[in-house]
Trainee: 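Below is one structure. I have some questions about it.
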Amino acid sequence: MATAIAHPNIALVKYWGKQTGPGNRPATPSLSITVAGLTTTTRVEAAERDSVCINGECRREPKVETLLDAMRDTFDLPPVAIDTRNDFPTGAGLASSASGFAALVTALDGEFGLGMSSAARSDWARQGSASAARSIYGGFATLAPGDDVWTGAELQAKDSWPLEVVIAVTEESPKDVSSSQGMERSRTTSPFYHAWCRSTETDFETACRAVAQHDFESLSDVAEHSCLKLHALMLSSRPGLLYWNEATVAAIDTVRRLRTAGTPVFFTIDAGPQVKAVCAPGHGGGVAALLARSPGVLRVVRGQLGDGARLVGEPPPP
Ligand code: 2P0
């Protein structure tokens, strides 16, 4: 058997909406940071039939079944038992599908000797869940159109600009509307969808430049804009998608007040009510202390930039 770990990633320029046709290709490029401190651990081994257990609960997972079917068109892959565990809430806006598919493809590659490059693992992970293409890589990662394919890539290594992350958890339970369903609803019903696609290409270029220049102010500006624009797109879908709760709004306010007082920090929020504060190096402790006291915050999780998905030795039994 083989075991792989992967970390979720937090998009600073968001992906929301797919191209039509096969391959699970996003409609727009995206940029993220991979975050150590939250980890998915996935173990795979050959078995008599396919099975998937997530946090000890075995169930049908259509997205995993679709990915395994597609991989079997290319590889000689036997039936496989998959056991995956997250040390953070699953399906609650913390990118568990990104780390999940990145760890799964990496474990399958290791166990069955599929001989994949990082780019190939990223390509297969994207077919499971598009944001997973970025969790194959550490540090700052992108998912953007290449010459003829959509590829993930490492834009910059984690040590080159060690930003810190503080996640304010405001709800532990899974969301009602999955990201896949939500983004399809936005694509088909929001009057703002085309403006979202057009403007995200510019945001992506701005953010790549800000990362290359370690320009925190510029990155803050474009990342908060991408986040708020994403949620405006969600709200303008029919029926409207509202992933926030009261504590989410209070935490945004806390981050804004911190920044006004001089702390280099910005917020971002995905398809869930958790608020992620991204801090310049050395500022995670102060931000965590204040966010922990923000109304409605259940707990805070601190993270650093992390490595990409990788094989590990067998973990001790739970
Ligand atoms: C992102 N999100 O760029 C954006 C921001 C959520 C909000 O990618 O349908 O789980 O499996 O490709 O990757 C969540 O969508 O969706 C997501 P599928 P995925 O991180």
Side-chain angles (χ1 to χ4, degrees), residues 6-35 38 40 54 61-67 70 86 89-105 122-137 140-144 150 152 155 165 167 174-188 190 193 196-197 200-201 203-204 207 222-235 237 241-244 248 267-276 278:
H7 305 298
N9 65 74
I10 296 174
L12 305 184
V13 173
K14 309 289 189 186
Y15 143 62
W16 194 255
K18 301 175 197 293
Q19 296 184 39
T20 51
N24 202 29
R25 287 164 305 147
T28 57
S30 55
L31 181 151
S32 62
I33 47 177
T34 299
V35 181
L38 310 175
T40 296
I54 300 179
E61 281 292 329
K63 281 187 168 184
V64 174
E65 291 169 15
T66 304
L67 178 65
N86 298 320
T90 300
L94 287 172
S96 54
S97 69
S99 50
F101 278 100
L104 173 60
V105 170
S122 179
D123 189 48
W124 284 109
R126 188 202 72 239
Q127 296 185 46
S129 187
S131 53
R134 302 185 308 236
S135 274
I136 294 294
Y137 299 99
F140 297 81
T142 57
L143 176 59
W150 271 74
L155 181 66
V165 177
I167 300 172
K175 57 197 166 208
D176 296 332
V177 181
S178 75
S179 293
S180 302
Q181 292 165 337
M183 65 179 80
E184 184 57 10
R185 189 186 296 177
S186 297
R187 186 182 74 80
T188 53
S190 170
Y193 183 71
W196 158 259
C197 291
T200 294
E201 297 193 2
D203 295 344
F204 178 72
V222 72
E224 288 195 355
H225 176 62
S226 178
C227 165
L228 292 174
K229 196 163 49 178
L230 165 72
H231 288 274
L233 175 71
M234 292 164 162
L235 287 169
S237 307
L241 294 158
L242 175 55
Y243 286 108
W244 297 1
T248 312
F267 65 82
T268 189
I269 305 156
D270 293 297
Q274 332 299 357
V275 176
K276 291 110 182 209
V278 180

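None of these values were measured; they are calculated from a predicted model. Both ligands and their constituent atoms are indexed starting at 1 by order of listing.
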Trainee: Verify side-chain hydrogen bond (donor to acceptor under 3.5 Å, both in side chains) between Asn86 and Thr40, making sure each step is shown before the conclusion.
Mentor: CA-CA 4 Å; Asn86 298 320; Thr40 296; 2.6 Å; yes
Trainee: Side chains of Arg134 and Asn9: any donor to acceptor distance under 3.5 Å?
Mentor: yes
Trainee: Quick one: does Lys18's side chain get under 4.5 Å of Asn24's, heavy atoms only?
Mentor: yes
Trainee: If the plane angle is over 60° it's perpendicular, under 30° parallel, otherwise tilted; pick one for Trp244 and His231.
Mentor: tilted
Trainee: Using a 4.0 Å cut-off on heavy atoms, what residues surround ligand 1? Order them by chain and number.
Mentor: Ala11, Lys14, Tyr15, Trp16, Lys18, Asn24, Lys63, Ser97, Ser129, Ala130, Ser131, Arg134, Ser179, Ser180, Met183, Leu230, Asp270, Ala271
Trainee: Compute whether any side-chain donor of one residue and acceptor of the other, for Thr200 and Thr28, lie under 3.5 angstrom apart.
Mentor: no
Trainee: Please lay out, stage by stage, how Lys14 and Asp203 fare under the test salt bridge (charged side-chain N to carboxylate O under 4.0 Å, His left out).
Mentor: CA-CA 9 Å; Lys14 309 289 189 186; Asp203 295 344; over 6 Å; no
